[in-house]
Amino acid sequence: MRNALILAGLALLAMTSLVLGVTTGSTHAGFATLLALLDGNASAVETQIIGELRWPRTAAAFVTGALLAVAGGLMQVLVRNPLAD
């Protein structure tokens with residue numbers, strides 16, 4: 001039960017960081033703009049800002065961080081580091 005709760009909390013934190021990454025920037029595009037984009041009611045400029053600029057960068061950063069975490073874990077197992085336990 002405790003592990004499921006921790007996993008759910010980490011998943012919520014990951015989703016929050018993705019939303020913050022997409023909605024934060026020099027041009028105002030908040031959470032309402034993101035919801036409008038998902039509904040199909042966003043303007044062309046908002047669609048371009050979020051869909052073509054912010055989302056690919058945020059997704060690339062998220063995947064890069066995940067892959068670096070996996071690489072670090074594999075490296076600890078490979079060299080039999082006691083911190084890998």
Side-chain angles (χ1 to χ4, degrees):
M1 178 67 182
R2 183 173 187 261
N3 290 338
L5 188 62
I6 290 173
L7 186 61
L10 289 174
L12 181 66
L13 185 64
M15 290 299 126
T16 304
S17 68
L18 283 174
V19 168
L20 276 174
V22 171
T23 58
T24 305
S26 61
T27 304
H28 178 71
F31 189 68
T33 306
L34 182 61
L35 289 178
L37 178 70
L38 293 175
D39 287 341
N41 297 327
S43 69
V45 173
E46 292 170 341
T47 302
Q48 186 175 15
I49 289 171
I50 292 178
E52 295 180 16
L53 295 174
R54 291 187 186 172
W55 171 246
R57 290 177 185 173
T58 303
F62 191 78
V63 169
T64 302
L67 290 175
L68 284 171
V70 169
L74 289 175
M75 193 60 139
Q76 286 181 343
V77 170
L78 181 67
V79 296
R80 297 186 182 172
N81 188 344
L83 291 176
D85 288 338

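Small disclaimer: the values here were computed from a predicted structure and weren't measured.
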Check your understanding: Got a second to check how far T23's OG1 is from H28's NE2, nearest 0.5 Å?
Key -> 9.0 Å

Review point. Do L53 and V22 share a hydrophobic cluster (ILVMFWY, side-chain heavy atoms under 4.5 Å, transitive)?
Key: no

Exercise for review: Go through the steps to decide whether L18 and T58 satisfy the test side-chain contact (heavy atoms from CB on, under 4.5 Å), and finish with yes or no.
Suggested key: CA-CA 7 Å; L18 283 174; T58 303; 3.7 Å; yes

**Study point:** Exercise: identify the closest heavy-atom pair between P56 and G51
**Key:** CD-O, 3.6 Å

Exercise for review: With sequence neighbours left out, write down each residue that passes side chain to side chain contact (heavy atoms under 4.5 Å, CB included) with T47, or none if nothing qualifies.
Suggested key: L37, A42

Check your understanding: Transitive ILVMFWY cluster of L67 at side-chain heavy atoms under 4.5 Å: who else is in it?
Key -> V63

Exercise for review: Could you list the residues that satisfy side chain to side chain contact (heavy atoms under 4.5 Å, CB included) with T64, not counting sequence neighbours?
Suggested key: L68

Review point. Got a sec, which residues hit side chain to side chain contact (heavy atoms under 4.5 Å, CB included) with L78, two or more places apart in sequence or on another chain?
Key: M75

Practice item. Show which residues join L74 in its hydrophobic cluster (side-chain heavy-atom contacts under 4.5 Å, direct or indirect), or state none. Key: V70

Check your understanding: With sequence neighbours excluded, what pairs up with T27 under the side chain to side chain contact (heavy atoms under 4.5 Å, CB included) test?
Key -> I49, R54

Practice item. Look at the side-chain heavy atoms of Ile, Leu, Val, Met, Phe, Trp and Tyr, link any pair under 4.5 Å apart, and say whether F31 and L20 land in one connected group. Key: no

Review point. Linking I/L/V/M/F/W/Y whenever any side-chain heavy atoms sit under 4.5 Å apart, do F62 and M15 land together?
Key: yes

Point to revise | ILVMFWY network linking V19 to L35, side-chain heavy atoms under 4.5 angstrom | key: yes

